[in-house]
Undergrad: 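Okay, handing you the structure first.
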Amino acid sequence: MLQQTQVATVRDRFYSPFMKRFPTIRSLAEADEQAVMKAWEGLGYYRRARHLHMAAQQSIEGMPQTVEGLMALPGIGQSTAHAIAAFAYRHPAPVLDANVRRVLARFFALTDPSVKEWWQAAWALLDTEHPDDYNQAMMDIGAMICTPRQPACGLCPLSSQCKGKENPGAYPLPKARKSTPTRRMIWLVITDDAGNIAMWKRDEAHLGGLYRVHHLPPEAPIGPSWKKLGSIKQVYSHYTLLADAYMIGKGDAQVLPAHAQWVTLPAARRLPSSKAEHKLFALLENAETAQRR
């Protein structure tokens, strides 16, 4: 849950409600995927929720206790497997999250280390007798002392041996920021005579498992019966979405998947959907309010 999200936000808004809803591995494994996705809604990177669900299903009789066994579960990479092994089972394995990488880069004066060099540095400092305490300490140092800007070197327990303390901002070298492309689309809300909305589950990798309306390329011709609802902007990690939203009646729709579900607007809000879809729901509510007036 902490990927791209701050600890306070995760703890209060997501982690506690998620654990209350799924307090055990078995309860998560036996839950419907749609319920899991809805509980994850708002965190982004939805593939993590699907992987978490599948990993629970594979671990219902007990979690693997080795790094190799943990890495065999869906969505668990090397650093996550090391963290589980170290904290849950006290196996000697270093954690290598973003904060720890920064501490290691400054301690060893590494400007642009490879993945192999990161792990070599992590293993070099590991306290194999107390891997849980060591990893927690390294993460805390990175989060509270060896910060990206204005690190408190005078408070750091590693300062006496740190090779990069004279110029900590140089380690590691900052990565050049890539420009984020803009992706333009047309979103089409198809309604039936009762005002229900056609929605269906995404099967693509990005936002997979969430529900959406009909998406069209930006060059698609605008039909004469289309009603403009407004525009939507949503910034993702690797692109910015700009979508013009329209509404159309079922009889005028040329494309309607066989697996589409017809739902009311309140029911649509209860389906697991992206933030952009919820912005669309707000446009629909505004349109309904204006029509009643």
Side-chain angles (χ1 to χ4, degrees), residues 1-11 14-15 18-19 25 28 40 43-59 62-148 151 156-158 162 164 168 171-175 178 205-206 236-238:
M1 287 186 175
L2 290 175
Q3 185 177 358
Q4 303 293 329
T5 315
Q6 294 182 344
V7 173
T9 302
V10 166
R11 182 187 62 239
F14 297 102
Y15 177 76
F18 193 91
M19 292 303 297
I25 290 178
L28 178 59
W40 195 271
L43 275 168
Y45 295 86
Y46 290 93
R47 188 181 299 182
R48 293 175 297 166
R50 302 174 79 180
H51 283 162
L52 185 63
H53 191 214
M54 290 187 288
Q57 292 172 334
Q58 294 180 24
S59 307
M63 284 283 290
Q65 296 191 16
T66 65
V67 169
E68 294 74 20
L70 289 163
M71 288 181 65
L73 295 175
I76 295 185
Q78 188 173 4
S79 188
T80 302
H82 278 216
I84 296 172
F87 288 117
Y89 308 119
R90 302 193 69 185
H91 287 186
V95 172
L96 197 57
D97 69 359
N99 286 328
V100 173
R101 286 199 299 270
R102 184 170 57 255
V103 175
L104 292 172
R106 290 170 176 173
F107 185 84
F108 290 105
L110 304 173
T111 55
D112 188 22
S114 64
V115 174
K116 181 179 179 180
E117 288 171 326
W118 280 126
W119 282 109
Q120 287 175 340
W123 280 104
L125 288 185
L126 176 66
D127 181 346
T128 57
E129 293 186 5
H130 307 95
D132 48 348
D133 291 336
Y134 165 81
N135 282 310
Q136 185 64 60
M138 289 292 284
M139 291 190 292
D140 287 346
I141 290 171
M144 296 184 289
I145 297 177
C146 194
T147 52
C156 183
L158 301 176
C162 180
Y171 309 104
L173 289 175
K175 299 291 184 181
K178 298 180 180 179
H206 179 52
Y236 295 100
S237 61
H238 54 293

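Predicted, not measured: the structure shown is a model, and the values here were computed from it.
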Undergrad: Side chain of His91, backbone of Gln65: donor and acceptor closer than 3.5 Å?
TA: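 Flag set: sc His91 to bb Gln65 pair under 3.5 Å.
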Undergrad: Can any side-chain N or O of Glu117 pair as donor or acceptor with the backbone N or O of Ser114 at less than 3.5 Å?
TA: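 Judged by distance alone, yes, a pair lies under 3.5 Å.
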Undergrad: So which atom in Leu96 and which in Ala122 form the shortest heavy-atom distance, rounded to 0.1 Å?
TA: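 Shortest heavy-atom separation between Leu96 and Ala122 comes out as CD1-CB, 4.1 Å.
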Undergrad: Distance from Gln57 atom CD to Met54 atom CE, nearest 0.5 Å?
TA: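 Those atoms lie 8.0 Å apart.
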Undergrad: Begin from the C-alpha positions of Met138 and Asp127 and carry the test side-chain contact (heavy atoms from CB on, under 4.5 Å) through to its verdict.
TA: CA-CA 11 Å; Met138 289 292 284; Asp127 181 346; over 6 Å; no
Undergrad: Is a side-chain donor or acceptor of Ser59 paired with a backbone partner of Ala55 at a separation under 3.5 angstrom?
TA: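 Yes, because the side chain of Ser59 sits within donor-acceptor range (under 3.5 Å) of the backbone of Ala55.
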Undergrad: For Cys146 and Val103, which heavy atoms make the closest approach, and how far apart are they?
TA: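 Scanning both residues, the minimum pair turns out to be CB-CG2, 3.8 Å.
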Undergrad: What distance separates Tyr134 OH from Leu125 CG, expressed to the nearest 0.5 Å?
TA: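 Taking OH in Tyr134 and CG in Leu125, the distance rounds to 4.5 Å.
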Undergrad: Is Asn135 reaching over with its side chain to a backbone N or O of Ala93, donor-acceptor style, under 3.5 angstrom?
TA: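 At least one qualifying donor-acceptor pair exists.
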Undergrad: Are His82 and Trp119 close enough that their ring centers fall under 6.0 Å?
TA: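 Between Trp119 and His82, which both carry aromatic rings, the centre distance is below 6.0 Å.
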Undergrad: With respect to Gln136, which candidate in Asp132, Asp133, Asp140 satisfies the side chain to side chain donor-acceptor pair (under 3.5 Å) definition?
TA: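 With Gln136 as partner, Asp132, Asp133, Asp140 yield a single side chain to side chain donor-acceptor pair (under 3.5 Å), made by Asp140.
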Undergrad: Could you check whether any side-chain N or O of Thr111 sits under 3.5 Å from a backbone N or O of Leu173, counting only pairs where one atom can act as donor and the other as acceptor?
TA: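 No, the answer is negative, given that no donor and acceptor are paired below the 3.5 Å cut-off.
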Undergrad: Would you compute the distance between atom CD of Gln58 and atom NE2 of His51 and round it to the nearest 0.5 angstrom?
TA: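 Separation between the atoms: 10.0 Å.
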Undergrad: If you take all heavy atoms of Val95 and Ser79, which pair is closest and at what distance?
TA: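 Scanning both residues, the minimum pair turns out to be CG1-OG, 4.0 Å.
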Undergrad: Could you check whether any side-chain N or O of Arg102 sits under 3.5 Å from a backbone N or O of Gly142, counting only pairs where one atom can act as donor and the other as acceptor?
TA: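 Yes; at least one donor-acceptor contact below 3.5 Å.
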Undergrad: Would you compute the distance between atom CG of Leu104 and atom CD1 of Ile141 and round it to the nearest 0.5 angstrom?
TA: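 So the gap between those two atoms works out to 10.0 Å.
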Undergrad: Once rounded to the nearest 0.5 Å, what's the spacing between atom CZ of Phe14 and atom CE of Met1?
TA: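 Between Phe14 CZ and Met1 CE, I get 8.0 Å after rounding to 0.5 Å.
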Undergrad: Does atom CZ (Phe108) have a neighbourhood of more than 12 heavy atoms from anything else shown, all under 6.0 Å?
TA: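 Atom CZ in Phe108 is packed in, count exceeds 12.
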Undergrad: So, for Leu70 and Pro64, which heavy atoms are closest and what is the spacing to 0.1 Å?
TA: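 Looks like CD2-O, 3.4 Å.
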Undergrad: Return the minimal non-hydrogen interatomic distance between Ala81 and Ile76, and the atom names on each side.
TA: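 Smallest heavy-atom distance, with atoms named: N-CG2, 3.7 Å.
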Undergrad: Verify side-chain contact (heavy atoms from CB on, under 4.5 Å) between Arg50 and Trp40, making sure each step is shown before the conclusion.
TA: CA-CA 10 Å; Arg50 302 174 79 180; Trp40 195 271; over 6 Å; no
Undergrad: So, for Arg106 and Cys162, which heavy atoms are closest and what is the spacing to 0.1 Å?
TA: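 Looking at all heavy atoms of both residues, the closest pair is O-SG, 3.3 Å.
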Undergrad: As an exercise, state the distance from CG of Leu28 to CG of Leu52, rounded to the nearest 0.5 Å.
TA: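 Going from CG on Leu28 over to CG on Leu52, the span is 5.0 Å.
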